[in-house]
> 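Submitted below is the structure of interest, expressed as structure tokens.
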Amino acid sequence: LYLVRHGQASFGSSDYDQLSEIGFKQSNVLGEFFVSRNIIFDRFVCGDMRRHRQTISQVCEGMQLSKYNLDILPGLNEYDFENLFLAYGKIFGDDDDSYKKAKNNPKDKKNYYRLLRKILNVWVSDQLPDVDEKWDVFKSRVSKSLENIMSNSHTGSKALVIASGGSISMLLGLVLQISDEKVFDLNLQYLNTGVTHFFFNQEKINLTGFNNISHLILNDDERLITYG
């Protein structure tokens with residue numbers, strides 16, 4: 001199982017759910033890398049967000065695949081940060097300078113990630129009652145997606161799965177049995193098109209590689225190494 005975070009999205013724009021020019025390039029480079037390593041996939045899976053579909057399309061273009069069967073698993077979608085942000089603001093916003101800064105300057109990435117950690121911590125501990133999706137619901141849908149991937153793949157097959165940082169972190173947390181409070185320490189480390197690798201069958205799954213960006217390093221272009 002090759003679990004890949006989507007390419008760089010459009011942070012700070014009116015539509016984040018859209019790959020940037022760099023995001024398209026990252027995804028294409030990953031596809032070319034798979035070809036250079038003779039990695040052939042039996043199954044292609046992604047969430048149903050636009051950046052997921054765009055990423056897997058560009059990866060397959062880099063692999064020179066014009067036809068492939070794509071399974072869409074909405075359970076791999078990212079949590080709704082905008083909804084969490086609004087719910088956090090109602091309770092904690094008046095006393096949080098990073099929240100106020102984010103409202104005034106949403107393009108400040110350093111402040112964004114500082115605030116993101118705070119929001120995720122209170123979400124996990126169920127301190128945000130006014131949210132569309134509770135933490136336990138998010139965890140459950142990611143767990144069901146993992147079950148789907150494992151149960152519908154045969155022994156020895158290779159699956160390429162494109163998802164988001166939050167859902168990947170949750171999936172990895174389930175595999176490694178990491179506490180909920182620690183899951184999002186992983187979330188904030190994920191690089192765009194970083195590859196996390198597992199050996200698995202229908203009964204068990206083991207981690208063998210985490211957040212690998214060899215394809216970007218070998219490309220020798222530092223602009224392609226991004227977190228957004």
> Looking only at atom types and distance, does a side-chain atom of N104 sit under 3.5 Å from a main-chain N or O of K100, one as donor and one as acceptor?
yes
> Take S145 and L171, measure what side chain to side chain contact (heavy atoms under 4.5 Å, CB included) needs, and give me the verdict at the end.
CA-CA 9 Å; S145 296; L171 191 152; 5.9 Å; no
> So, for A163 and L76, which heavy atoms are closest and what is the spacing to 0.1 Å?
CB-O, 3.9 Å
> Does some side-chain heavy atom of Y112 sit less than 4.5 Å from a side-chain heavy atom of F85?
no
> Which heavy atom of P129 sits nearest to which heavy atom of I91, and what is that distance?
CD-CD1, 3.5 Å
> Pairing donors with acceptors under 3.5 angstrom, does anything connect the side chains of N77 and D48?
yes
> Yes or no on side chain to side chain donor-acceptor pair (under 3.5 Å) for S20 and Q8, after CA distance, side-chain angles and deciding distance?
CA-CA 6 Å; S20 67; Q8 185 190 55; 2.5 Å; yes
> Closer than 4.0 angstrom, basic N to acidic O: yes or no for R50 and D15?
yes
> Give a yes or no on whether K103 atom NZ has more than 12 heavy-atom contacts from other residues, nucleotides or ligands under 6.0 Å away.
no
> Is the number of heavy atoms from other residues, nucleotides or ligands within 6.0 Å of NZ (K118) greater than 12?
yes
> Should the pair F44 and Y68 be assigned to parallel (<30°), tilted (30 to 60°) or perpendicular (>60°) ring geometry?
tilted
> Evaluate the side-chain proximity of F81 to I119: yes if any heavy-atom separation is below 4.5 Å, no if none is.
yes
> If you measure from CG on L174 to CD on E147, what distance do you get to the nearest 0.5 Å?
9.0 Å
> Side-chain heavy atoms under 4.5 angstrom apart, residues restricted to Ile, Leu, Val, Met, Phe, Trp, Tyr: same cluster for F41 and F200?
no
> Would you say S27's side chain and Q58's backbone share a donor-acceptor pair under 3.5 angstrom?
no
> Taking side chain as C-beta onward, heavy atoms only, is I39 less than 4.5 Å from K158?
yes
> Do the non-hydrogen side-chain atoms of D96 and Y88 ever get within less than 4.5 Å of each other?
yes
> Please report the C-alpha distance between M63 and E32 in whole Å, then the side-chain angles of each, then the deciding distance to 0.1 Å, and finally whether the side chain to side chain contact (heavy atoms under 4.5 Å, CB included) criterion is met.
CA-CA 5 Å; M63 297 178 70; E32 293 173 349; over 6 Å; no
> Would you indicate whether R114, at its atom CZ, is surrounded by more than 12 heavy atoms from other residues, nucleotides or ligands within a distance under 6.0 Å?
yes
> Would you say the side-chain atoms of S36 pair up with the backbone N or O of F33, donor to acceptor, closer than 3.5 Å?
yes
> Kindly indicate, with the supporting measurements, whether the criterion ring-ring contact (aromatic ring centres under 6.0 Å, His included) is fulfilled by Y113 and Y227.
CA-CA 10 Å; Y113 286 113; Y227 288 89; 7.4 Å; no
> Calculate, to the nearest 0.5 Å, the distance between atoms CG and OG belonging to L172 and S167 respectively.
11.5 Å
> Which pair of non-hydrogen atoms, one from A9 and one from R51, has the smallest distance, and what is that distance?
CB-CD, 4.0 Å
> Please test V131 against D80 for side chain to side chain contact (heavy atoms under 4.5 Å, CB included), starting from the C-alpha separation and ending with a verdict.
CA-CA 9 Å; V131 290; D80 186 344; over 6 Å; no
> Consider only side-chain heavy atoms of I, L, V, M, F, W and Y, link residues closer than 4.5 Å, and tell whether F198 and V142 are in one cluster.
yes
> Check this for me: F24, atom CZ, are more than 12 non-hydrogen atoms of other residues, nucleotides or ligands nearer than 6.0 Å?
yes
> Should F34 and H215 count as side-chain neighbours, where that means a heavy-atom distance under 4.5 Å?
no
> With no hydrogens and no angle check, is any side-chain donor or acceptor of S157 less than 3.5 Å from a backbone partner on S153?
no
> Check for a donor-acceptor pair, side chain of S143 on one end and backbone N or O of K139 on the other, with a separation under 3.5 Å.
no
> Look up atom OG in S164 and atom NE2 in H52, then write down how far apart they are to the nearest 0.5 Å.
3.0 Å
> Report the distance from atom CG of L30 to atom SG of C60, rounding to the nearest 0.5 Å.
10.0 Å
> Going from CG on L224 to CG on N28, what distance comes out if it is rounded to the nearest 0.5 angstrom?
10.5 Å
> State whether R117 and D185 are salt-bridged, where the test is any N-O pair (Lys NZ or Arg NE/NH1/NH2 against Asp/Glu carboxylate O) under 4.0 Å.
yes
> Can you check side chain to side chain contact (heavy atoms under 4.5 Å, CB included) on F92 and Y99, steps first, answer last?
CA-CA 8 Å; F92 303 101; Y99 176 81; over 6 Å; no
> With the 4.5 Å side-chain cut-off for hydrophobic clustering, are M150 and Y2 part of the same group?
no
> What I'd like to find out is whether the side chain of L160 reaches to under 4.5 Å of the side chain of V45, using heavy atoms alone.
no
> Just by modelled atom types, is the L191 backbone N or O under 3.5 Å from a matching donor or acceptor in the N211 side chain?
yes
> Under a 4.5 Å cut-off applied to non-hydrogen side-chain atoms, are T193 and H6 in contact?
no
> Check this for me: does any side-chain nitrogen of one of R141 and E133 sit under 4.0 Å from a carboxylate oxygen of the other?
yes
> Does atom CD of E21 have more than 12 heavy-atom neighbours from other groups under 6.0 Å away?
no
> Which class fits the ring pair Y79 and F184: parallel under 30°, tilted 30 to 60°, perpendicular over 60°?
perpendicular
> Give a yes or no on whether a salt bridge exists between D126 and K134, defined as a side-chain N under 4.0 angstrom from a carboxylate O.
yes
> Can you hop from I178 to W135 via hydrophobic side chains spaced under 4.5 Å?
yes
> So, E78 side chain and G166 main chain: donor-acceptor pair closer than 3.5 Å or not?
yes
> Under 4.5 Å between side-chain heavy atoms, hopping through other hydrophobics if needed: is there a path connecting F138 to V161?
yes
> Does the distance from a Lys or Arg side-chain N to an Asp or Glu carboxylate O, for K101 and D108, drop under 4.0 Å?
no
> Heavy atoms, side chains only, cut-off 4.5 Å: are H197 and L3 in contact?
no
> Q54 pairs by side-chain contact (heavy atoms from CB on, under 4.5 Å) with which of L19, D17, V59?
L19
> Between Q26 and T226, does any side-chain donor sit less than 3.5 Å from a side-chain acceptor?
yes
> Measure the spacing between CD1 of I168 and OG1 of T196 and express it to the nearest 0.5 Å.
6.0 Å
